[in-house]
Amino acid sequence: MSGSAVSPDILAEPAKEAEPHLILVDGSGYIFRAFHALPPMTRPDGVPVNAVFGFTNMLGQFLTKHAGTHMAVVFDASRSTFRNQIYDQYKAHRPEAPPELVPQFALIREATAAFGVASVELDQYEADDLIAAYACAFAANGGQVTIVSSDKDLMQLVRPGIQLLDPIKQKPIREAEVFEKFGVTPDKVIDVQALAGDSTDNVPGVPGIGIKTAAQLINEYGDLEGLLTAAEQIKQPKRREALIANAELARISKKLVTLDCDTPVPQPIDALLARPPEPGRLAGFLREQGFRSLLHRMGLDGDATPDTAPTSRPRFVPQLPESAPGTTTEITPAADEAAFGPYETVVSAEALAPFIAAAREAGAMGLDTETDALDALRANLVGISLAVGPGRACYIPLRHGPLPGNGDMLQEAPAAPPQMSQDEAVALLKPLLEDPSVMKVLHNAKYDLEVLGRPEHGGILVSPVDDTMLISYSMDAGRHGHGMDELSLRHLGHKPISFDEVTGTGRARIPFTQVALDKATAYAAEDADVTLRLWHALKPRLRPNQALALYEQVERRMVGVLREMELAGIKVDGAELARIGEDFSGRMVVLEKEAQDLAGRPFNVGSPKQLGEILFDEMKLPGGKRGKAGAWGTDAAVLEDLASRGHELPRKVLDWRQLAKLKSTYVEALSAQIDPRDRRVHTDFAMAITSTGRLSSSEPNLQNIPIRSEEGARIRRAFIAEPGHVLLAADYSQIELRLLAHLADVPSLREAFEKGEDIHSRTASDIFGLAPDKVDKEARRRAKTVNFGIIYGMSSFGLASRLGIPAAEARAIIDAYFSRYPGILEEMERLKSEAREKGYVMTPFGRKLWIDGIQAKEQARRGNAERAAINAPFQGGAAEIIKRAMVRMPLALREAGLSARMLLQVHDELLFEVPDSEIEATSEVVRQVMESVAELRVPLKAEIGHGPNWGVAH
DNA sequence: TACATCACG
DNA sequence: GACGTACGTGATGTAC
């Protein structure tokens, strides 16, 4: 694909997306623990529910702390399994399930579903067998697997990619822990169990041999068969006799304890994809069971949980309501209020080791990188900071140079301070940063992951990752900014040292490489410390705010997807841009001269102020309006109006402005952004800027490349595909209007979308009372304006000014619209009152969007907020849909064996670079993913085109 | 640095 | 009776 023609150090890395992670919960373990740990409880109707309560509580707790890309709770389906055919005594003395537990099994499956988690079970197989099958398959495909169980029988599955998590101790069980328990490596566990047997499961084993002896024998003879073959030579007579006499029993035992990776599975792995919880279903379930305390604890018992005051901190949810008062897991004051610094500057492996050990011990760490630029694709790594607990953080400088200013011309050049080499630091840190059992917490992870993933920085693929910026954004979009300093002040009551304080500003700013190590450490280590503390403060809020699924399944997965897109960039034909620029320059010279001749004097055509004075003071043209600064308004609408009245000057200025805009922004600035290494431009997608859930794009902004005018389209045609490739553009058709038809459930609009009709023509027919074949261009144009205006909360005044018609006429059109489309007016009113009462509105997928100013006393400000509230669910819902498509796209393409790269997202459009031979297949995969990503009352439709450049693809 | 303007969805 | 009037972004040039 196109990568072959570009610089390998940028693009050589294969597409890697958010790390697949499967969590398998051993349901039976949870159930029996809950049942025996809790006193009897019944619902009002007498159904026993203590196990249901305990299970629900434990699963809820678990989900506040863990999430994977895939997840399932695995249950035992029946008492009788294939093992009873091998050995009829297997688990024979297990008592029947207590009668009070029996009716709870079904409710527990219901609870699982209410959390949006898959249940898995299969007749004739134990949960352990299914766990083995899924774990093996998932790990074999390169995924990470966590099995939540304390069942030692599962320890045989531990290997790279598969670990156990003890649900009681919350402790990972890996090879070291298995060895501690069985005295052998995980792959030999079944041989040890075959010899030692298991009285609780009635696995016979060899009498007289326990785990210790078994481990010793297996380590000596390799495996069970090796041992049985050599049994004759064993010195101890008793042991020898026992082994010879019970060889067959040992073989049967091995079969009983062996978990077969080839066990049939009842559902494909895809069915285990972590799903968003269904809004209301969990609350409904909890209410049905009468679990009021859980409703409350999960924040499902009323309206929005108000944000905490700026300096107070959210608390962890107590682990169990039954635990004695005061024994909850709230942050202790000591840990909570640890000082921010002093921090350690680490310049040796010896000094780094305790931090690495502490990170592994804690299972989570804060991470931050310092660089010498903001552009992640060019920046050099200057240092790394780690945090392992509140106040426990360090900075590892790597590329700090000598301090400026203290060099003496007569002496030798000043030396750089002693530091670890990057190679040494990477060698020590890479295993930790890639360790699936240690959570790495970053703020704006995309940036650091881009820096650390570059080959010259060790190609570190940090995983797993949490991002405090995205955690905050998932809950609080529109409410405030999500920069670290702001969140620290808001949630930790602490103002971190600012970057400007460390490097200076303006001309005096020095690169981070020139910052003295003590200052650099105070700043950098604090950022890692703050990040980790923010994680502790914010992550537990996700579930009670119903934002966990959004974060885990959408926002967090977008990090890797966007990283790949930014890395890929898009090729721009610089020579073509230069030709366009020449053409525009020549025409601007002519227009400028003509404008000045018409004005009667020279003036700066680019100055709205001078233009206003000429038009309204000197030429005395009518219709001038002053802006808030007292200057005449001269924007395009004003100039168009003047031009339509026959004045020549405004047209010249309009034409000049268009060319000036295109030339400065899209010819000159864009050309300067082309990376000489690959002749591509690499944008930076901001994930937590907008108030609606949209992305934004900057440096350069590739979401506002011209298209509407012919001059603009020339620019777009300078975005090209590599040789042998095309650009493929896929647009969601009318996505916001589809959301309107869905949300307000408008019959006529729904029908038009079902039938694939032109929606604006349908609206024209409906509101102007025209037969479908009588709808002309003008009627359609007006209907289109109304359709979009509705989504923006437009008033009759606004419609009148857009259409150039009297306000009364506009009023009549809007009235016709609302009466012909019942439900829309109600929906608009509902959104306004929801915003007023709760402070936020919701997208159809459950993202809360906070509306700033909705309570304002000033009518103007409040009006703005009300229109924002009306628009937010549509804009935000559309953003949600395309993000879901984006996180599914890389896997879908890979599974289809396609090498297309996703390059850009422009709100309702995805742009791909596709090998010529894969155009058709890619189109189908893209269409399938985009159209199936949400189930609305109307179909989703993607329109797809392709060509050698972006203009043609569209 | 604030404002006006205009490129996009 | 006055007020303001279609949502969301980012980049540029002018003027202060």
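What you are looking at is a predicted structure, and each value in this text was computed from that prediction instead of being measured. Sequence lines set the chain letters: A, B, ... in the order given, protein chains first and strands last, and positions in each chain run from 1. When reading the values below, keep in mind they use all heavy atoms of this one structure, side chains included, and skip hydrogens, waters and symmetry mates.
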Nearest-angstrom distance from the residue atom [atom1] of [X] to [atom2] of [N]:
X: F874(A); N: dA6(C); atom1: CZ; atom2: C1'; answer: 13 Å
X: N864(A); N: dA6(C); atom1: CG; atom2: C1'; answer: 10 Å
X: E613(A); N: dT14(C); atom1: CD; atom2: C1'; answer: 12 Å
X: Y817(A); N: dA6(C); atom1: OH; atom2: P; answer: 16 Å
X: Q610(A); N: dG13(C); atom1: CD; atom2: P; answer: 16 Å
X: M794(A); N: dG8(C); atom1: CE; atom2: P; answer: 15 Å
X: F685(A); N: dG10(C); atom1: CZ; atom2: C1'; answer: 13 Å
X: L702(A); N: dT9(C); atom1: CG; atom2: P; answer: 18 Å

D852(A): side chain to side chain donor-acceptor pair (under 3.5 Å) partners, not counting sequence neighbours: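 Applying side chain to side chain donor-acceptor pair (under 3.5 Å) to D852(A) gives none.
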
Residues forming a side chain to side chain donor-acceptor pair (under 3.5 Å) with R782(A), sequence neighbours excluded: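 R782(A): side chain to side chain donor-acceptor pair (under 3.5 Å) contacts with E778(A), E809(A).
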
State which residues pass side chain to side chain contact (heavy atoms under 4.5 Å, CB included) with [X]; sequence neighbours excluded, sorted by chain then number.
X: S796(A); result: A810(A), R811(A), I814(A)
X: T665(A); result: K661(A)
X: S697(A); result: T683(A), F685(A), N701(A), L702(A), Q703(A)
X: D731(A); result: A729(A), D908(A), E909(A), H954(A)

Under 4.0 Å between any heavy atoms, over every strand shown, what does [X] touch: base, sugar-phosphate, or nothing? Just pick one.
X: I689(A); answer: sugar-phosphate
X: F788(A); answer: base
X: T785(A); answer: base
X: G863(A); answer: nothing

With a 3.5 Å cut-off and just heavy-atom distances, do the side chain of S795(A) and the base of dT5(C) make a donor-acceptor pair?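 Yes, the side chain and the base share a sub-3.5 Å donor-acceptor pair.
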
Check whether E486(A) reaches the backbone of G481(A) with its side chain - one donor and one acceptor, N or O, closer than 3.5 Å.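 Checked: pair present.
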
Side-chain donor or acceptor of D675(A) paired with backbone N/O of V681(A) under 3.5 Å: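 Pair absent, no side-chain N/O of D675(A) close to backbone of V681(A).
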
Separation between the [atom1] atoms of [N] and [M], rounded to whole Å:
N: dG4(C); M: dA4(B); atom1: P; value: 14 Å
N: dA2(B); M: dA6(C); atom1: C1'; value: 24 Å
N: dA2(C); M: dC6(B); atom1: C1'; value: 31 Å
N: dC3(C); M: dT5(B); atom1: P; value: 22 Å

For E668(A), enumerate each residue passing the salt bridge (charged side-chain N to carboxylate O under 4.0 Å, His left out) test, keeping only those at least two apart in sequence or located in another chain.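 E668(A): salt bridge (charged side-chain N to carboxylate O under 4.0 Å, His left out) contacts with K663(A).
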
Among residues at least two apart in sequence or on other chains, which ones pass salt bridge (charged side-chain N to carboxylate O under 4.0 Å, His left out) with R830(A)?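 Result, salt bridge (charged side-chain N to carboxylate O under 4.0 Å, His left out) vs R830(A): E827(A), E834(A).
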
Contacts to DNA chain B from residues 802-810 of chain A, heavy-atom cutoff under 4.0 Å, which residues?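 Residues of residues 802-810 of chain A that come under 4.0 Å of DNA chain B do not exist, since none gets that close.
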
Identify which nucleotide among dT14(C), dC7(C), dT9(C) has an atom closest to any side-chain atom of A868(A), counting heavy atoms from C-beta outward.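 The answer is dC7(C), which lies nearest to the side chain.
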
Can you tell me which nucleotide in dA15(C), dG8(C), dT12(C) comes closest to the side chain of T692(A)?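 Comparing dA15(C), dG8(C), dT12(C) against the side chain of T692(A), the answer is dG8(C).
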
Taking C-beta and beyond as the side chain, do L727(A) and E913(A) meet within less than 4.5 Å on heavy atoms?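 Contact flag for L727(A)/E913(A) side chains = yes.
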
What string of B, S and - do you get for nucleotides 1-9 of chain B 5' to 3' if you count protein non-hydrogen atoms under 4.0 Å? ---SSBBBB

Does a nitrogen or oxygen in the side chain of S801(A) sit under 4.0 Å from OP1 or OP2 of dA6(C)?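 Looking at the OP1 and OP2 atoms of dA6(C), neither is under 4.0 Å from any side-chain N or O of S801(A).
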
A quick test of your reading: do over 12 heavy atoms of other residues, nucleotides or ligands sit less than 6.0 Å from CZ of R679(A)?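 Counting neighbours around CZ of R679(A), 12 or fewer heavy atoms of other residues, nucleotides or ligands fall under 6.0 Å, so no.
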
If you count the non-hydrogen atoms of other residues, nucleotides and ligands that lie under 6.0 Å from CD in E648(A), is the total more than 12?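 For E648(A), atom CD is not crowded (no more than 12 foreign heavy atoms under 6.0 Å).
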
Under the rule of Watson-Crick or G-U wobble with both distances under 3.5 Å, where | means paired to another strand and [ ] a crossing pair, DNA chain C maps to ......|||||||||.

Between the protein and nucleotides 1-3 of chain C, which nitrogen or oxygen pairs come in under 3.5 angstrom?
{"from": "dC3(C)", "atom 1": "O2", "to": "Q859(A)", "atom 2": "NE2", "distance (Å)": "2.1"}

Can you measure from CG (L803(A)) to OG1 (T785(A)) and round to the nearest 0.5 angstrom?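 One gets 5.0 Å once the value is rounded to the nearest 0.5 Å.
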
Rounded to the nearest 0.5 Å, what separation is found between the CG atom of N444(A) and the CD atom of E450(A)?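 Here the rounded value is 9.0 Å.
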
